[in-house]
Amino acid sequence: MVLSSRASAGGAPPASHADARSGRRTVWRWLGEAVARRHRAVLAVWLVLLTASALMAPGLLQRAVAPAVRVNGSPSVTGASLLEHGFAGLGTEQMLLIFASATLSSGDETYQRALQAGVRAVSAQPQVGGVQLLPPVRGQDRRRAYAIVGLNGDQAARQAALPPLRDAARRAVRQASGSLVDAHIVSETAMLAEAKHADLADLQRAELVAVPVALLALLIGLGAAGAALVVLATALTVMVTALGVLAAASLLGTETDTFMLAVAATVGMGLGLDYALLILLRYRRARGMGHERVHAAGVATSTAGRTAGWCALAVALTAAALLVVRMSMIRTMAAAVGIAAVVAATAALTLLPAALVAADRWLARGRLRRPRPRRAAGRRRRVHPGRPERDGDGAGGWSRWARHLMRHPIAYTLACVGVLAVAAAPAAGLRLGFDLDRASIARTDLGRGLAYMEADGVSSALAVVLPHAVGAPPVDTGALVGALGADSRVALAAPMDNGRDLTVILVVVRTPIDDPATTALARRLTDHDAPALLPPGQRVLVTGPNEIFSELVEESTAQLGTVIALVLGCSLVFLLVTFRSVLLPIKAVVMNLLAVTAAFGLLTLATRHFPQIVGHQVNTLIPLLAFTLVFGLSIDYEMFLIHRIAEHYHVSGDNTDAVVHGLRHTARPITVAAAVMVTTFGALLTAHRHELAQLGLAIATAITLDATVIRLALVPALMRILGARNWWLPGGLARLLPAPRGGPGAAPRETAAVPDPSGVT
């Protein structure tokens, strides 16, 4: 009698079926059993890691900086560097210092005294290069005055200098005026500092929502409080440990930002829930079939655990495509996803088997429904050589659905494609851009200062940097300054030269920082006005908050196609090697594209009908981030389903029966795993910052569509239509790819009778 195949909760990698039939102990099973036997030591190691990570977390939150939005090597970054060296008074960054009073005019003696006190206090700060008062512009409120503050240093130094600088200015102004005049600072650094505080607050709020809702979803899906708590505890351990890795990196000098923390925490918890759930279901199934604890842990690790490891690799590979973007913020996000995936896979293969063995008798506690009776340990089922274990004839709802689907594959394919096409249609009107999200900062010091600036037509500032040869006369800027002064978008244009090698035109712009008109002004200046009105061959670099954010938009938009191509290419190669099939990877990539496009179609609708939650336009970074994350997570569900189908097909040769078998055994874990993943990312909708809410909505929507319309209907229907063509692999590729020992791509083989260690044949 041959050993019958075991149904895997999450599907198994290619070799698992042959290993089960032959009785071989794979490395994966050896690992699971070794961890299970030494579960106390393994749990002790993880407890130390968890404790250390928790202790380092507060320090990490303090050391974390705001996300860096500058594009490495861009003209604005080069121009800022030239300013820092050529005009120390203008600094690396030009901040606007606003003096405002409700009662006093700027010409009053008390107001002037407060203004001078504020200038002296700010000038005394170590990072400040200089302070220059701006002349009043047309339409400016007489109760307000403005000054440009040159702040030197890199981003971390500027962020550290901002709070004492702001406090010093406010204290000096209030003391000198008897609190009749106040001071505000608006700058790139101030915006990023506000984003840092908002991101941390939004992350904490999202986790407070996600944890109880995820627990509820697990209770419903698993049917027992004990099992749900083990999965949730594993996911929280992954999240905290991933943050601990970032904390250790920050102690070694690696800069970490708040967006990196948010991504590591959210992805870590989501993947931790996903992988823990799949392995627990496989462990419970093995225990229900009569396996003792250690052996059940080995079975779970060698099937669902191995799949989790491959899925984590897929997530990390897709995230690595973001490294082509020349932005530290995006590259650190890729690193955060990679760290979260590695920690989640490590926990799935070590922590969870140990926890399952230790908590075995508690897994069934707090049941919400009556358990099915176990098969007696000594009972055996006759299985013919080369024939797979059958599922039974549709006693369960998923089996009935699968067989119904197999009878009407064309109708369901057309219906599913229609649903996805309707959801994706609004994506044609997707508006990308950069938005300051004024609603989230309205009550902050930054928000009040920004409101004053925009009311007075002093909304933003640009610096036109014109390097010239050392000792040469200043660049002739008369014609350009005249053209700028005649532009209705410009409030002030003032040229200056350092007497050595640099000429600069300070431009005060009336239109807001995130207004397309401001970006158009900068583009016209560099592409048309400067070449036409400056000496031939003059190098022109424009810097300032608007230019920095404009370059962010341009870089993310320009690199989106490259990232998509890399993600698609990596996904195709990865799935080709994994499934040893040409059509299955192509189908998987097309399905993922449908899910992402449909998600962005629904996000576009949300920006039209719920702008108070997600804003009026989609942040330009969201397509990059959501696309890579959704693709990585979607590959997880593809592998769970196709591995299970492939195992059955390559033993039975019956494609339809294999699809029914795979869908029946993976529908529940995919549904529950998707539910907790949607909960994790959906919690970001509670965020005050629109970009986080947009990211959460896009990913939660894509996963919902992927796990329901696509994995439970469209993919099985297409596999039924394609039949044996699903597994087509040209001979050349078959010889090139590594041959598995069993499973997909391997022919079934007769084996000698082997005793079933569980007592079930």
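Positions are given from 1 along the sequence. Everything quoted here is computed from the prediction, not taken from an experiment.
Residues Ala427 and Thr604 share a closest heavy-atom pair of CA-OG1, 3.9 Å. Residues Ala558 and Thr562 share a closest heavy-atom pair of O-OG1, 4.5 Å. Counting all heavy atoms, side chain and backbone alike, Ala693 lies closest to Ile613 at CB-O, 3.6 Å. Minimum interatomic distance between Pro623 and Leu432 (heavy atoms only, all atoms of both residues): CG-CD2, 3.7 Å. Heavy-atom minimum distance, Thr680 versus Ala210: CA-CB, 4.2 Å. The two residues Leu697 and Ala606 come nearest to each other via the heavy atoms CD2-CB, 3.7 Å.
A side-chain N or O of Glu551 and one of Ser76 form a donor-acceptor pair less than 3.5 Å apart. Neither side chain, Ser459 nor Thr511, offers a donor N or O lying under 3.5 Å from an acceptor on the other. Under 3.5 Å, the side chains of Thr189 and Glu93 contain a donor-acceptor pair of N or O atoms. Inspection of the Thr318 and Thr628 side chains reveals no N or O donor paired with an N or O acceptor under 3.5 Å. Side-chain polar atoms of Thr686 and Asp202 form no donor-acceptor pair below 3.5 angstrom. At a cut-off of 3.5 Å, with distance as the only test, no side-chain donor of Ser250 or Thr256 sits close to an acceptor on the other residue.
The list of ring pair (Phe, Tyr, Trp, His ring centres under 6.0 Å) pairs with a residue in residues 435-460, not counting sequence neighbours, reads His184-Tyr452.
The closest donor-acceptor contact from the side chain of Arg448 to the backbone of Arg443 lies under 3.5 Å. For the pair Gln125 (side chain) and Ala161 (backbone), a donor-acceptor distance under 3.5 Å is absent. Not one N or O on the side chain of Glu84 forms a donor-acceptor pair closer than 3.5 Å with the backbone of Gly91. Thr518 places no side-chain N or O within 3.5 Å of a backbone atom of Asp514 that could act as its donor or acceptor partner. A donor-acceptor pair under 3.5 Å is formed between the side chain of Arg158 and the backbone N or O of Gly153. Proximity of a side-chain donor or acceptor of Ser179 to a complementary backbone N or O of Gln175 within less than 3.5 Å is not detected.
Atom CG of Leu625 is separated from atom CD1 of Ile699 by 8.0 Å, given to the nearest 0.5 angstrom. Of the inter-residue distances, the one linking Gln617 atom CD with Thr607 atom OG1 reads 9.0 Å to the nearest 0.5 angstrom. With rounding to the nearest 0.5 angstrom, the CE atom of Met333 is 13.5 Å from the OG atom of Ser328.
Residues forming a salt bridge (charged side-chain N to carboxylate O under 4.0 Å, His left out) with Glu255 (at least two apart in sequence, or on another chain): none. Under the rule for a side-chain hydrogen bond (donor to acceptor under 3.5 Å, both in side chains), Gln694 has no partner lying at least two apart in sequence or in another chain.
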